[in-house]
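These notes are about the structure you will find just below.
Side chains included, hydrogens not; waters and symmetry mates left out as well; all remaining heavy atoms used. Order of the sequence lines sets the chain letters (A, B, ...), proteins ahead of strands, with each chain counted from 1.
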Number of protein chains: 4
Amino acid sequence: MSVFETLESEVRTYCRSWPVVFDRATGSVLYDENGKPYLDFFAGAGALNYGHNNPVLKDAVIDYLLRDGVTHSLDMHTVAKRDFLETFRDVVLSPRELDYKVVFPGPAGANAVEAALKLARKVTGRESVVNFTNAFHGMTLGALSVTGNSMKRGAAGIPLVHATPMPYDNYLDGRTPDFLWFERLLADSGSGLNEPAAVIVETVQGEGGINAARVEWLRALADLCARHKMLLIVDDVQMGCGRTGPFFSFEAAGITPDIVCLSKSIGAFGLPLALTLIRPDLDVWEPGEHNGTFRGINPAFVAASAALREYWTDDTLEKSTLAKGEHVHRVMAELAEAHSGLTAKGRGLARGLRFPDGATAGAVCRAAFERGLLMETSGPDGEVAKVMPPLTITDDELEQGLVILAESVAAVAAGQVAA
Amino acid sequence: MSVFETLESEVRTYCRSWPVVFDRATGSVLYDENGKPYLDFFAGAGALNYGHNNPVLKDAVIDYLLRDGVTHSLDMHTVAKRDFLETFRDVVLSPRELDYKVVFPGPAGANAVEAALKLARKVTGRESVVNFTNAFHGMTLGALSVTGNSMKRGAAGIPLVHATPMPYDNYLDGRTPDFLWFERLLADSGSGLNEPAAVIVETVQGEGGINAARVEWLRALADLCARHKMLLIVDDVQMGCGRTGPFFSFEAAGITPDIVCLSKSIGAFGLPLALTLIRPDLDVWEPGEHNGTFRGINPAFVAASAALREYWTDDTLEKSTLAKGEHVHRVMAELAEAHSGLTAKGRGLARGLRFPDGATAGAVCRAAFERGLLMETSGPDGEVAKVMPPLTITDDELEQGLVILAESVAAVAAGQVAA
Amino acid sequence: MSVFETLESEVRTYCRSWPVVFDRATGSVLYDENGKPYLDFFAGAGALNYGHNNPVLKDAVIDYLLRDGVTHSLDMHTVAKRDFLETFRDVVLSPRELDYKVVFPGPAGANAVEAALKLARKVTGRESVVNFTNAFHGMTLGALSVTGNSMKRGAAGIPLVHATPMPYDNYLDGRTPDFLWFERLLADSGSGLNEPAAVIVETVQGEGGINAARVEWLRALADLCARHKMLLIVDDVQMGCGRTGPFFSFEAAGITPDIVCLSKSIGAFGLPLALTLIRPDLDVWEPGEHNGTFRGINPAFVAASAALREYWTDDTLEKSTLAKGEHVHRVMAELAEAHSGLTAKGRGLARGLRFPDGATAGAVCRAAFERGLLMETSGPDGEVAKVMPPLTITDDELEQGLVILAESVAAVAAGQVAA
Amino acid sequence: MSVFETLESEVRTYCRSWPVVFDRATGSVLYDENGKPYLDFFAGAGALNYGHNNPVLKDAVIDYLLRDGVTHSLDMHTVAKRDFLETFRDVVLSPRELDYKVVFPGPAGANAVEAALKLARKVTGRESVVNFTNAFHGMTLGALSVTGNSMKRGAAGIPLVHATPMPYDNYLDGRTPDFLWFERLLADSGSGLNEPAAVIVETVQGEGGINAARVEWLRALADLCARHKMLLIVDDVQMGCGRTGPFFSFEAAGITPDIVCLSKSIGAFGLPLALTLIRPDLDVWEPGEHNGTFRGINPAFVAASAALREYWTDDTLEKSTLAKGEHVHRVMAELAEAHSGLTAKGRGLARGLRFPDGATAGAVCRAAFERGLLMETSGPDGEVAKVMPPLTITDDELEQGLVILAESVAAVAAGQVAA
């Protein structure tokens, strides 16, 4: 038995799907310790939008270390942090006319969500939050309470309260008007809904099954929040940083959330970084009301600044992501046509192929792994095979991966792989 | 106004005490952007026990990056992670005859605490947890609910429940027997205390004011937990990794907690890493019941392994820390003798000088900063000036810092600095 | 100022609608201290189904007192309690083939609900409960948490949790299939709905606006509960004891709830009595796990037994209630036809006339009061004028009251009474 | 099997101690259905301070019924209610210079507590409440959350939160200063105690084991509440209405609570009635924010007014209660001297004899029952035999009961009754 089996907790998961030991990685390829390459359609669950060991970012980080740049600085001022803030302002916020203040809430996406919820409750004086079916916002207690997955919720060991789920876009039968139920609850003083401080939403639900909300649904949600004075929190941890094309996933809908959560690829190089962006008038915190040790990971600032400068000063990456996403969709749509019971889902380079059940989707991912492709499932029953490659993947690599995907689907359909 | 003031949230704090922009750092010294050096008695709030840009660790990290080692891997197997697990087992666990399984709960200390609480609740089927007065365990909702600070608790925006505070060692009048109240509550079926799943404790409360529990108190607590089948969780996030001398802070008491939380300096180089160590029979989690994106920061694994090999294969560092700690204590005791109202506190290289009030302690820290020394306050009213240098600080640097401390105390006492 | 104004809390309400001092009452008529009669279409909010000072009941109570029958007995055995239990079994349960055990949960309906919720949670090991929009179950904390009214919820002073509202029958647009949302949440392990211990429902929502659920909706709900192993609790506090015709309001739907809450008219004479009826296999309580002082109000047992014998050994009352209810409905339907914006609602002798707004409904009730008729509003905005006379009201009295109602509607419509 | 066994829930308790069927009762004597008399040292758990079928009260109630007085009136004005309010003002409040407004919170003590907690939270904007070890305040969810008994708490089926227990008087070792812990928690902003809205206390804990707090302890508590702006709620449900001598149990301490809960004997005749008395400036409720069906039980008003006039217009009853209480204490003290391990406890006519364990106390009560005396145990382990006769008990009856008590203790000590 390996040390992973003897020493690491049974809670480990991804390693069970891909039982090899990875060593090196560049671009869209990981290599196991025997040098065998694996094409990466997973991208660190969205944390590696710019690929593995992207040379631009790697060089910046190594240069920073070589010159003994401050590594860890809590929320002290550093040159690297200043550069990041200025770059984020100049490259991301200003061109989009977004007026946000930046909170460094801690290293991970869950911290960004916890800070958002705390602030929304403090500002409004209300406790309740509305989340959506199949939402995923993180594993710490505040973030978990607005997450849908029942196994993960059950692990809390205490009742998770203060959140009420509403139907995500396209959740019901297609005939029920959007927000009918939510509007009715809000309008009716006898409905029993605790008045919400905020609504938290992913524009595309990654863990929930690559469910992409329509832009008109998002717009209606933003409008609903404005009318009822609920803060709109967009959790862009997985779908931000270009995953759906534009830097923020909500840009397509033309809405401006009150609070935005970013993490995963904002650190660019796979290093932890998270931001909570807040409307300036919501910045009512006292100094230190929310804090934490890992809010100043300067190598992540350095990589993040380099990535913003490299990829977001023009629209090349955005266009490329949209084009690649369309291509993935076409291939998936063909697969869905060729095999009954399949559905192509998603937006940008967050794509999913929905199978009738989790067993089939899992078998396809196993078949893909045997063919050298890393893919994972998502959705409440693991019924969706996700395609989330680095945005920097080459056309050839993308094509190669999609061929493996098609072969894997065919192999499972042919009964060559046990579901 | 700088970008920090215009763009960053008002919640920022440390930068308000030290209003310069830091750039580089080596060993126990940070340099601001003008090259001015500052001696570091803060050490990243305990995250930099091995100093800034420790060359052994830095070289290991840079080598890893240069060879395109996998940076980010969730909970996949990697060579770097295997090396870390084996090193942690061989250098830390086995020599101490500690039998723990390792959970990677997410990047930060709060994640280690959240995972510990979730597991304790799941295992016992109880919701309630006992914490201690002036405890600090983190800012996410689960960790915050067992944290004492009222300002930070208030920021939650919801009532924090499921935790009951008990008096920490030496909290009452010195005449009340230890655990009298706690024992009585547990023994009395009519006491109204919800039966606790676990007790969470810091052996030395860092944020709470450098309160060091006596070893006999810790032993009695462990015994109490065993008798009442409450899990004992030691939060060693700040006091572990040698801060008090031995690798784990609880070693001095000869106790074996059921669950241990580690973070801060376990990543060694200032990069986020956290561990929750659990008794093997508590490892009842289903795969994926607790997860997260940033559980495989391989550069942190690399640095952590290098640090364990460099500093923990013999007792040199432990002895040095104890000796330096004794020296700090002597100097502080002299200061306390020279100036009325001061008390020397702490253990190992977690030392504090208690002032009559927060204003005085803050003034001393400001005076120290003007003299080129970084120190922070802690305690409920900020009344304790903390001395937590890197463990690798040289004797000369330590002496130099203590001289500044003495000068600063004198300057404040002389009214030369406004309290 | 009267002693009511100087000494009683501002929380008082009904006395504000009817600013006279009542003294005596018989049958369906109350008299104020000046002897002025008021016809009662309110019936103690459903607690006086058999009228005021019903001579059969009054004689039984006075006889009991005259012979020094035990008045107050907690849950001791008494002759009066035995007689009640046997009568309830023989007259109510056995003829309907209902197999329930009887809990005496305390004096009032809220106690019956609290006991039902406690038991459902204990039996299932789950915390969450599903309630319905515009539900009303009581003012104690457990009952309040499943009540919809936002003003009353707000008075709790703590967040009310563990309950999730679902749409009551006919709550949405008439096109959305019944239980679509509820079923979807239950079927989807990622929905975020905490698995419910129970569903609590009123078959006709009295306080919520005299909303009568269709029998097919109730049947579908019972079926849903059975399929998902949620206990079905019918709160028959206001609609039981014949208010809708049959003894239990759920009889019309042909369903058998797992738990039934009774109070109000079960005590028959206006004295407090409450029952929680539970499926025998749910009777898992330890002796004394739920208790209370006022669980043995023997005059109420005596009156209750007398009422069961007088009114429920044949179907005379049930038929009369249904006939009278139909008559009320006809008159209301005519009013709704004559005046635009009005709707006739309800079942049995729980009837409501819905107005476009609360101001109009309130004006109609005021106009009725001026004409010697007591009626109250209900619904989230007080937009429904309720007609809930004693079931024993004479045809003449009923007609007289309905004439006043029609006059009052006309007077308000004519602008003779300010809305 | 009797109908009690076949039809009533297993939750029933008192009937298990006294397995006979009671029929009639007068004064301090109950008679079973065979005419066998039982002397009553239980008094309806404090609800029958004026004895069974007290002729003054019975006549008033029967007269009221005979003249068709309104029985049930919610919070409408009635002549009987006005008389009660005026009598309560003139006989109880004014002579004691107590300035309270009266809330009718529902029929039972738990309602009085629920209303008190709701109001305290609304007024202060805080959620947390401090209760005491071995407190008993009721079985509805709000009241249960401040109750100590673990079996009863466990029956809630949800975690009971928002309450923190503090040590009741004489709870610790006798050396720890009163309120040391509570004061320290309040003074320390890092203690982790949520700022309390209120403190709820019984001056003598009845269910908790007849624990009588010293008057100086109560005074210090009132002072603590005033200094920290916590509302002081005295739950006088069991100890009010003269049980300890004066009308309110807190009179002896000379304190004025902010809120007082009354029930049990305020209704005088064993009929449900409850009051929440509130400082006038706390009367911030909107009309109807708290309501309920059984807030106007007019026969209870009638009996209550008659009792106040009969027993509280001079100090005869108070003096008699104190004298009888002293006598009970003397007898108990002699028993405690004669038998090792016994302790005499209590105040006024709330007296307890503490045995080494619950089995012995239970055996004594069984032995007493066999000798025709009704007594119950209390305390967390049922280790205290309670003596709580009607205050109107004659000296002969009291003596007769105490002789039986002594015989029963002797019989158990002699091993004649199995413990």
Original post:
Heavy-atom distance under 4.5 Å to chain B: side chain of A:Ala108, backbone, both or neither?
Top reply: both

Subject >> Region of A:Ile297 in contact with chain B, defined by heavy-atom distances below 4.5 Å >> reply: side chain

Subject >> Residue selection (most heavy-atom pairs with chain B, distance under 4.5 Å) from A:Pro272, A:Gly270, A:Ala45 >> reply: A:Pro272

**OP:** Check whether A:Lys264 gets within reach of chain B through its side chain, its backbone, both or neither, counting any heavy atom under 4.5 Å.
**Re:** both

Original post:
Using a distance-only test with no angle check, is there a side-chain donor-acceptor pair under 3.5 angstrom linking A:Thr140 and B:Asn111?
Top reply: no

Original post:
When rounded to the nearest 0.5 angstrom, what distance separates CG in B:Asn149 from CD in A:Glu289?
Top reply: 9.5 Å

Original post:
Do any N or O atoms from the side chain of B:Asn53 and from the backbone of A:Gly69 form a donor-acceptor pair under 3.5 angstrom?
Top reply: yes

Subject >> 4.5 Å side-chain heavy-atom contact, B:Arg295 and A:Tyr14 >> reply: yes

Subject >> Atom pair CG/OG1 of B:Asp32 and A:Thr78 - distance to nearest 0.5 Å >> reply: 12.0 Å

**OP:** Could you tell me whether the side chain of B:Val21 reaches within less than 4.5 Å of the side chain of A:Lys81, counting heavy atoms only?
**Re:** no

Original post:
Using non-hydrogen atoms only, which part of A:Ser263 is less than 4.5 Å away from chain B: side chain, backbone, both, or neither?
Top reply: side chain

Original post:
Can you say whether B:Val284 sits under 4.5 Å from chain A via the side chain, the backbone, both, or neither, judging by heavy atoms?
Top reply: neither

**OP:** Mind ranking A:Arg121, A:Arg153, A:Met139 by heavy-atom pairs under 4.5 Å with chain B and telling me who comes out on top?
**Re:** A:Met139

Original post:
Between B:Ile158 and chain A, which part of the residue has a heavy atom less than 4.5 Å away: side chain, backbone, both or neither?
Top reply: both

**OP:** Report the C-alpha separation of B:Asn291 and A:Thr13 in whole Å, then their side-chain angles, then the decisive distance to 0.1 Å, and conclude whether the side-chain hydrogen bond (donor to acceptor under 3.5 Å, both in side chains) test is met.
**Re:** CA-CA 8 Å; B:Asn291 65 6; A:Thr13 41; 5.6 Å; no

**OP:** Please assess A:Leu144 against B:Glu114 for the test side-chain contact (heavy atoms from CB on, under 4.5 Å), listing each intermediate value before the final yes or no.
**Re:** CA-CA 11 Å; A:Leu144 187 54; B:Glu114 294 267 343; over 6 Å; no

Subject >> Most contacts with chain A, counted as non-hydrogen pairs under 4.5 angstrom, among B:Leu85, B:Leu30, B:Asp59 >> reply: B:Leu85

Subject >> Atom pair NE2 (A:His77) and OG (B:Ser2), whose distance is rounded to the nearest 0.5 Å >> reply: 5.5 Å

**OP:** Kindly give the heavy-atom pair with the smallest separation between B:Ala155 and A:Trp285, and that separation in Å.
**Re:** CB-NE1, 4.2 Å

**OP:** Report the distance from atom CD1 of A:Ile278 to atom OG of B:Ser9, rounding to the nearest 0.5 Å.
**Re:** 4.5 Å

Subject >> Smallest separation among heavy atoms of A:Glu127 and B:Pro159, with atom names >> reply: CG-CD, 4.3 Å

Original post:
Which one of B:Gly157, B:Cys15, B:Ala197 has the most heavy-atom pairs closer than 4.5 Å to chain A?
Top reply: B:Cys15

Subject >> OH-CG distance between A:Tyr31 and B:Asp68, expressed to the nearest 0.5 angstrom >> reply: 9.0 Å

Original post:
Who wins among A:Trp18, A:Phe4, A:Phe42 for the most heavy-atom pairs under 4.5 Å with chain B?
Top reply: A:Phe4

Original post:
At what distance, to the nearest 0.5 angstrom, does CZ of A:Phe88 lie from CG of B:Leu7?
Top reply: 8.0 Å

**OP:** Sort out for me which of B:Arg82, B:Lys122, B:Arg12 touches chain A most, counting heavy-atom pairs under 4.5 Å.
**Re:** B:Arg82

Original post:
With a 4.5 Å heavy-atom cut-off, do B:Arg16 and A:Pro287 have their side chains touching?
Top reply: yes

Original post:
Is it the backbone or the side chain of A:His162 that comes under 4.5 Å from a heavy atom of chain B, or both, or neither?
Top reply: side chain

**OP:** Go through the atoms of A:Phe136 and report whether side chain, backbone, both or neither lie under 4.5 Å from a heavy atom of chain B.
**Re:** side chain

Original post:
With only heavy atoms counted, which part of A:Leu48 is less than 4.5 Å from chain B, the side chain, the backbone, both or neither?
Top reply: side chain

Subject >> Proximal component of A:Leu282, with respect to chain B [non-hydrogen, under 4.5 Å] >> reply: neither

Original post:
Is there side-chain contact between A:Val70 and B:Arg24, with at least one heavy-atom pair below 4.5 Å?
Top reply: no

**OP:** Check whether any side-chain heavy atom of A:Thr293 sits under 4.5 Å from a side-chain heavy atom of B:Gln238, and report yes or no.
**Re:** no

**OP:** Look at the side chain of A:Lys152 and the backbone N and O of B:Gly288, then say whether any donor-acceptor pair between them is shorter than 3.5 Å.
**Re:** yes

Subject >> Passing option when A:Lys101 is tested against B:Glu8, B:Glu5, B:Glu10 for salt bridge (Lys or Arg N to Asp or Glu O under 4.0 Å) >> reply: B:Glu10

Original post:
Side chain, backbone, both or neither: which part of A:Val123 has a heavy atom under 4.5 Å from chain B?
Top reply: neither

Original post:
Of all of A:Asp75, A:Val102, A:Val103, A:Leu141, which one pairs up most often with chain B through heavy atoms under 4.5 Å apart?
Top reply: A:Asp75

Original post:
Relative to chain A, which segment of B:Leu93 carries a heavy atom at a distance below 4.5 Å: side chain, backbone, both, or neither?
Top reply: side chain

Original post:
What residue in A:Val11, A:Thr71, A:Thr26 has the most heavy-atom pairs under 4.5 Å with chain B?
Top reply: A:Val11

**OP:** Please answer whether the main-chain N or O of A:Gly154 pairs with a side-chain N or O of B:Lys118 as donor and acceptor at a distance below 3.5 Å.
**Re:** no

Subject >> Pairwise side-chain contact, A:Phe269 with B:Leu65, heavy-atom cut-off 4.5 Å (strictly under) >> reply: yes

**OP:** State, with a plain yes or no, whether a side-chain heavy atom of B:Ser73 is found less than 4.5 Å away from one of A:Phe22.
**Re:** no

Original post:
With a 4.5 Å limit on heavy-atom distance, are the side chains of B:His52 and A:His72 in contact?
Top reply: no

